[in-house]
Visitor: 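Here it is, the structure, as structure tokens.
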Amino acid sequence: MAGLGTHKTVETAPGQMTYLQAIQSGLREEMERDESVIVLGEDVGAKGGVFKVTEGLQKLYGETRVIDTPLAESSIVGVAIGAALNGLRPVAEIQFADFIHPAFNQIVSEAAKMRYRSNGDFNVPMVVRAPFGGGVHGALYHSQSVEAFFAHVPGLKVVVPATPYDAKGLLISAIRDPDPVLFFEHKKAYRLIKGDVPQGENYAVPIGRARIAREGRHMSVFAYGLMLHYCVTAADQMAAEDGYSVEVIDLRTLKPLDRDTILASARKTGKVLVVYEANRTGAVGAEVAAMVAEEAFEDLDGPVMRLGGPDVPAMPFSPPMEDFFLPGPARILAAMRQLAAY
Amino acid sequence: MAGLGTHKTVETAPGQMTYLQAIQSGLREEMERDESVIVLGEDVGAKGGVFKVTEGLQKLYGETRVIDTPLAESSIVGVAIGAALNGLRPVAEIQFADFIHPAFNQIVSEAAKMRYRSNGDFNVPMVVRAPFGGGVHGALYHSQSVEAFFAHVPGLKVVVPATPYDAKGLLISAIRDPDPVLFFEHKKAYRLIKGDVPQGENYAVPIGRARIAREGRHMSVFAYGLMLHYCVTAADQMAAEDGYSVEVIDLRTLKPLDRDTILASARKTGKVLVVYEANRTGAVGAEVAAMVAEEAFEDLDGPVMRLGGPDVPAMPFSPPMEDFFLPGPARILAAMRQLAAY
Amino acid sequence: MAKAGLRVAGTEPGPRPEDKVLVEMYSAMLLARMVDERCWLLNRGGQAPFVISCQGQEGAQVGSVFAMDRERDWFVPYYRDLAVVLALGMTPEDIFRSTMGRTGDPNSGGRQMPSHFGSRKLRIVSQGSSVATQCLHAAGTALASKSRGEPVDTICYVGEGGTSQGDFHEALNFASVHRLPLVMVVENNSYAISVPQDLQMAVRDVAIRAEGYGIPGVVVDGQDVLAVYRATKEAADRARRGDGPTLLEAKTHRFTSHSSDDDQRAYRPEGEIEREAHEDALPRFRDELLDAGVLDADTAERIKAKILAEINTATEAAESAPYPKPEEALLNIYGDDPPSPDDLRGDPRGLPSPGDS
Amino acid sequence: MAKAGLRVAGTEPGPRPEDKVLVEMYSAMLLARMVDERCWLLNRGGQAPFVISCQGQEGAQVGSVFAMDRERDWFVPYYRDLAVVLALGMTPEDIFRSTMGRTGDPNSGGRQMPSHFGSRKLRIVSQGSSVATQCLHAAGTALASKSRGEPVDTICYVGEGGTSQGDFHEALNFASVHRLPLVMVVENNSYAISVPQDLQMAVRDVAIRAEGYGIPGVVVDGQDVLAVYRATKEAADRARRGDGPTLLEAKTHRFTSHSSDDDQRAYRPEGEIEREAHEDALPRFRDELLDAGVLDADTAERIKAKILAEINTATEAAESAPYPKPEEALLNIYGDDPPSPDDLRGDPRGLPSPGDS
Ligand SMILES: Cc1ncc(C[n+]2csc(CCOP(=O)(O)OP(=O)(O)O)c2C)c(N)n1
Ligand SMILES: Cc1ncc(C[n+]2csc(CCOP(=O)(O)OP(=O)(O)O)c2C)c(N)n1
Ligand SMILES: [Mg+2]
Ligand SMILES: [Mg+2]
């Protein structure tokens with residue numbers, strides 16, 4: 001998979017980091033700051049992870065804190081849960097989000113319900129990191145967007161950063177969070193997306209707050225991950241070519257959703273488009289649309305539109321079919337224009 | 001759990017069956033008709049299942065066709081997939097829907113994607129049956145509604161019958177279906193719900209079609225499973241007390257949703273309420289609401305309302321908390337009145 | 001370092017608790033039996049919708065838990081382990097409150113079904129219902145103890161049916177690769193609800209799987225309390241020394257149906273229940289102590305009377321305890337700024353709460 | 001009936017294929033090696049974004065597949081098993097079309113990454129990427145064959161890393177309880193991407209786990225083609241007789257990095273790669289056949305030349321094959337009335353399709 005797992009050195013301007021570097025620095029700083037933070041997963045040690053996110057950590061913190069696990073996701077998460085119950089703050093890596101499913105029972109039945117079922121006696125301060133998303137020729141099992149499965153589960157938090165700044169700040173918040181957080185990193189963003197990150201500064205971005213990525217007046221577009229960038233591109237073009245002002249909201253946290261920010265923007269513009277890469281039906285975008293249709297109905301002056309990945313099992317390998325699956329700026333622009341014309 | 005797993009003999013009028021009896025008769029008839037149909041799961045043989053759904057089948061069809069499996073859901077589904085690839089039509093039982101998660105990877109990564117990934121060369125004619133839903137003092141792990149996880153997955157079909165007639169007819173369709181079907185049976189309905197089922201007649205109810213359970217003019221209410229019955233009760237009361245005409249639609253199939261029936265009813269009444277027992281956020285009800293808000297927007301004259309289970313990890317054991325969780329007729333009626341008053 | 005492979009334990013001599021402790025162990029077993037019997041009464045009386053029993057397995061449970069450091073070690077029991085949690089300090093009243101879903105249930109505040117044990121104070125990891133998931137949590141608590149260099153073990157309990165789950169395998173594999181201080185106890189009562197052992201596995205002794213993980217496997221007569229004590233002590237000491245996990249299989253019996261929802265007469269072979277009833281660890285241990293002069297008939301009687309009185313008081317206290325309030329269902333979902341009821345209700349505009357279904 | 005427990009196989013004499021077949025086996029190994037090498041060329045040339053290799057493991061693959069009934073049995077390979085599928089009848093052109101995501105890829109029509117094999121015609125069960133899930137499918141195909149009383153085996157392949165998954169355990173347990181006609185082959189190349197065997201399991205021979213399921217476990221030198229053939233034949237015959245599954249571990253080597261996305265020099269110990277290179281089943285088998293007079297140098301040369309010519313033609317044909325059309329992404333989701341593109345598009349109102357990202 002071109003760029004998938006291969007380590008290219010990337011140029012970044014001073015003060016800038018790639019999305020990948022930002023995650024690395026957040027992880028390193030938290031391990032430095034708090035020795036109860038450990039990292040475990042497949043190939044995270046000697047190899048530094050297939051995407052090199054954990055590169056160098058084992059040298060720095062040893063094999064007790066950076067553990068190459070056996071090839072078994074249920075054990076990665078299940079052991080992390082037990083370790084979290086006994087004083088550690090595990091950051092578990094699932095090599096690809098597509099392979100989180102063997103751990104589904106441990107995440108959904110155990111981690112998510114531990115605090116509730118023990119009436120607050122136990123909690124699970126654990127982060128599960130996983131690269132998700134397509135556009136890297138990863139085919140059916142290295143391209144999936146699985147966030148909707150977890151955003152339905154009370155007791156979990158689900159975070160998807162789009163920018164390097166948020167990637168670092170949200171990871172730091174996730175590690176300090178007293179409850180299980182699923183942290184999905186867009187694998188195409190790792191080296192593609194660069195941005196300002198205050199050097200040598202340890203900062204936290206709060207979980208549960210969306211961000212206005214681009215102010216606008218006539219339409220609200222909600223997105224996250226790689227799609228957020230495509231939406232901004234399309235919005236700029238819409239402004240330039242149609243003189244139409246689109247507000248783009250980076251959801252950042254999918255569980256819990258930032259209801260106030262979402263509804264405020266929807267009420268302000270009256271037109272809503274939700275863009276995502278996951279299979280269209282039953283995704284998080286459906287919840288955003290339903291929330292708007294229920295609570296901002298009075299202010300809507302157009303149908304609540306969704307542009308998602310098609311309802312096919314997953315993103316195919318062959319380039320034409322992969323492109324067919326993945327929404328891109330032109331297609332997003334077309335959707336914006338269609339809604340604007342309403 | 002009162003009634004959970006305990007076998008009460010139930011009175012039914014001639015021509016009537018309980019929901020449970022209807023499932024039993026559909027299963028038996030298909031096993032009789034097609035010897036490639038097998039049943040496998042925990043306690044399905046000698047004991048006849050904890051709810052007695054498979055009672056007597058092992059005596060009739062032997063241990064080769066009715067298999068008591070080891071206690072491992074991933075193997076129940078994974079073995080069923082392999083058997084389906086090699087000419088059998090397995091009906092796998094998951095003892096409680098809450099325990100389907102260890103098999104999540106086999107269902108979502110394997111069964112759902114087999115036809116697609118092999119470009120149509122292989123398919124998986126398998127049914128996974130599981131009792132779901134609350135109200136039987138089953139507490140956190142014997143009350144869950146998990147349908148949303150699977151309704152998001154292309155390649156799967158998800159069926160939830162509400163009536164004995166549909167339970168039998170839809171199970172027969174599911175067993176004959178060339179693709180994997182998740183068949184969720186409401187455990188509180190097993191002995192509570194009775195209805196007409198043509199004696200000794202083998203009939204199929206098509207997957208993918210909703211049913212108008214109660215005609216109405218002023219509001220559309222979408223539901224499935226046990227909630228369907230509560231909605232009809234509330235709708236009757238609404239008619240009697242408020243002279244207000246509510247249409248109640250039994251969705252019956254959650255994947256694929258019956259878009260035509262849903263949109264037709266929404267356009268007709270202009271007011272939509274979706275009622276379900278699953279955790280409110282990110283459930284199938286969100287998809288129904290989003291679909292309506294996107295495709296029937298012009299005809300709406302009120303917000304698209306949802307009444308779901310609260311976003312707490314699962315249904316508690318203690319009766320007051322269990323009642324708090326489960327929507328009931330009075331609460332549904334209140335929601336209808338609130339929407340009607342809009 | 002420990003030798004991998006299967007051994008049958010119990011016959012050889014070994015450490016034996018002092019007399020005082022032996023009597024404590026007997027009392028713990030009797031207490032568990034009598035509390036369990038009371039739960040069935042509550043069930044028949046309609047005050048408890050569900051009961052799942054420890055009866056028949058008290059010997060394996062008490063013998064193993066007394067071999068651990070009850071002040072420091074971590075305990076990961078499953079729903080059968082009433083005798084384990086009582087031996088660790090849960091009270092009959094705790095159990096009855098939980099059985100009737102009343103306030104003050106220390107396990108779950110009335111949220112979980114009975115016998116889903118948990119207590120941070122007692123280092124008993126909270127259990128859900130999903131069989132065998134706890135095996136991985138136990139590897140995790142052991143990993144944390146080891147990473148801090150503490151001389152603390154974790155002991156985990158699972159049924160022989162639970163050994164079929166992938167999580168059981170993954171737990172033993174992870175624990176053995178990292179030589180974790182873990183004692184994995186399989187309470188083999190030869191049934192998983194109705195499924196007999198020969199449909200659960202193709203081996204007679206599941207402990208033989210230890211060899212596949214390069215760790216010691218031990219089979220012990222679970223009805224022989226002291227044999228279980230010795231075998232567990234040996235495994236616990238080995239773990240504390242840093243020599244890694246042990247798979248310990250205790251052969252035991254399930255005297256009751258799987259639960260109050262099951263009727264085992266439907267699937268148990270003719271005469272088996274009666275045969276097994278003769279292998280009850282409770283009278284067997286009592287007679288051992290009487291023969292050894294560690295216990296005399298009067299003391300035995302006094303112990304029983306004292307327990308009965310305690311159980312009666314506890315039952316009344318629990319019966320008169322209130323149910324949790326409906327809205328308590330909204331608490332303890334997240335730790336930080338708990339979401340307001342309004343966020344959590346099925347409907348955000350504050351419909352009347354249910355209670356009518 | 002078969003004895004459970006571990007055995008080291010290969011040294012003892014046993015059935016040996018006739019000369020003609022031996023040459024076929026050698027050709028199959030050479031074909032796999034040369035097709036694999038060509039895939040790497042395509043990768044470097046930018047025509048193939050991803051390659052994952054069989055190099056080093058051809059002996060274990062060809063030795064085992066030739067011991068099966070290639071006309072009747074079921075085959076459940078994983079992504080390393082290029083030599084298995086070529087031996088079963090896939091062609092170099094099939095492989096190259098799949099490697100470049102072109103139409104006519106028989107495995108997935110260009111949907112899956114290369115080396116995700118599948119063919120109903122050849123009874124090769126379609127593979128996804130999720131490691132070890134196939135072990136359960138193999139138990140399922142074996143169950144179906146047995147339930148119809150057919151004399152048909154299933155052979156399943158998995159890496160030693162895959163043995164850590166719960167599904168591996170559940171598959172062996174299910175297959176042993178039901179005495180299914182299954183041969184479970186572990187290709188142990190001692191690495192799972194970068195993770196060495198000692199971090200994957202605490203045992204030297206994973207085949208030792210067989211005893212924990214009451215089935216035979218066999219360790220064989222995977223670089224010794226005929227030893228693999230004999231060990232597999234014995235297991236296959238046993239399965240066909242109704243005596244149940246066998247766990248067969250073939251010790252082998254991974255000559256390349258895990259895949260084209262990996263660089264094993266980062267984690268392999270000094271000199272290990274070079275040492276392993278001397279244990280190549282391909283020249284070893286060729287020399288055996290030369291010594292035995294089964295093969296002569298000229299024939300060997302002719303075979304090689306013939307394969308090279310075939311590979312060149314196949315490469316050209318595949319390179320000139322078109323990509324699938326974008327809309328083909330919408331086909332083969334369900335069998336009955338395939339949903340219309342309109343239902344399936346990201347947006348139901350038929351926006352322009354993407355292709356711009
Ligand atoms: C994952 C999962 N599957 C199924 C069940 C239903 N169930 C509860 S207990 C049980 C049998 C357990 O048998 P065993 O492990 O031998 O323990 P025992 O009850 O005999 O002590 C089953 C099947 C469950 N709780 N969890
Ligand atoms: C469930 C799952 N987890 C992780 C991965 C990523 N992955 C692909 S191959 C591999 C290593 C497999 O090692 P092994 O089983 O020994 O087979 P080998 O590649 O050595 O032949 C990993 C971790 C995956 N494909 N599936
Ligand atoms: Mg048991
Ligand atoms: Mg390997």
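We name chains A, B, ... by the order of the sequence lines, and we start the count at 1 in each one.
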Visitor: Taking all non-hydrogen atoms of both residues, which atom of C:Tyr323 and which atom of B:Pro319 are closest, and how far apart?
Guide: CE2-CD, 3.7 Å
Visitor: Within a reach of under 6.0 Å around CD of B:Glu63, are more than 12 heavy atoms found that belong to other residues, nucleotides or ligands?
Guide: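 Open: at most 12 neighbouring heavy atoms sit under 6.0 Å from CD of B:Glu63.
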Visitor: What heavy-atom pair brings C:Gln112 and B:Leu140 nearest, and what distance separates the two atoms?
Guide: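 Looks like CG-CD1, 3.7 Å.
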Visitor: Heavy-atom pairs under 4.5 Å with chain B - which of C:Ser194, C:Ala48, C:Ala132 has more of them than the others?
Guide: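 It is C:Ser194.
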Visitor: Give me the atom names and distance for the closest heavy-atom approach of C:Ser129 to B:His142.
Guide: OG-CE1, 3.6 Å
Visitor: Working to the nearest 0.5 angstrom, can you tell me the gap between C:Arg111 CZ and B:Ser318 OG?
Guide: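 Interatomic distance, C:Arg111 CZ to B:Ser318 OG, rounded to 0.5 Å: 10.5 Å.
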Visitor: Looking at C:Gly162, C:Ala266, C:Gly159, C:Gly110, which makes the most heavy-atom pairs under 4.5 Å with chain B?
Guide: C:Gly110
Visitor: How far does OH of B:Tyr141 sit from NE2 of C:His116, to the nearest 0.5 angstrom?
Guide: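 With rounding to 0.5 Å, OH (B:Tyr141) is 8.0 Å from NE2 (C:His116).
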Visitor: What part of B:Thr69 gets closer than 4.5 Å to chain C, counting heavy atoms only: side chain, backbone, both or neither?
Guide: backbone
Visitor: Hey, could you give me the CG/CG distance between C:Leu199 and B:Asp68, rounded to the nearest 0.5 Å?
Guide: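 Separation between the atoms: 6.0 Å.
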Visitor: With a 4.5 Å cut-off on heavy-atom pairs, point out which of B:Ala46, B:Pro313, B:Ala314 contacts chain C the most.
Guide: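 That would be B:Pro313.
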Visitor: Inspect the surroundings of CD in C:Glu270 and state if more than 12 heavy atoms from other residues, nucleotides or ligands are less than 6.0 Å away.
Guide: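 Atom CD in C:Glu270 is not crowded, with 12 or fewer foreign heavy atoms closer than 6.0 Å.
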Visitor: Which atoms of C:Ser257 come close to chain B, meaning under 4.5 Å heavy atom to heavy atom: side chain ones, backbone ones, both, or neither?
Guide: neither
Visitor: Quick one: does B:Val50's side chain get under 4.5 Å of C:Asp261's, heavy atoms only?
Guide: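 Sidechains of C:Asp261 and B:Val50: no contact.
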Visitor: Checking heavy atoms, do the side chain of C:Val195, its backbone, both or neither come under 4.5 Å from chain B?
Guide: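 When you check distances to chain B, atoms from both the backbone and side chain of C:Val195 fall under 4.5 Å.
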Visitor: Just so I know, are the side chains of B:Phe317 and C:Ser98 near enough to count as touching, which here means a heavy-atom distance under 4.5 Å?
Guide: no
Visitor: For the CD atom of B:Glu73 and the CD atom of C:Gln165, what is their distance to the nearest 0.5 Å?
Guide: 5.0 Å
Visitor: I'd like to check C:Leu330 versus B:Phe324 (side-chain heavy atoms, cut-off strictly below 4.5 Å). Are they in contact?
Guide: yes
Visitor: Let me know if B:Glu277 has heavy atoms under 4.5 Å from chain C in its side chain, its backbone, both or neither.
Guide: neither
Visitor: With rounding to the nearest 0.5 angstrom, report the OG to CD1 distance, C:Ser130 to B:Ile100.
Guide: 12.0 Å
Visitor: Main chain of B:Leu71, side chain of C:Gln200: is a donor-acceptor contact present, judged purely on distance under 3.5 Å?
Guide: yes
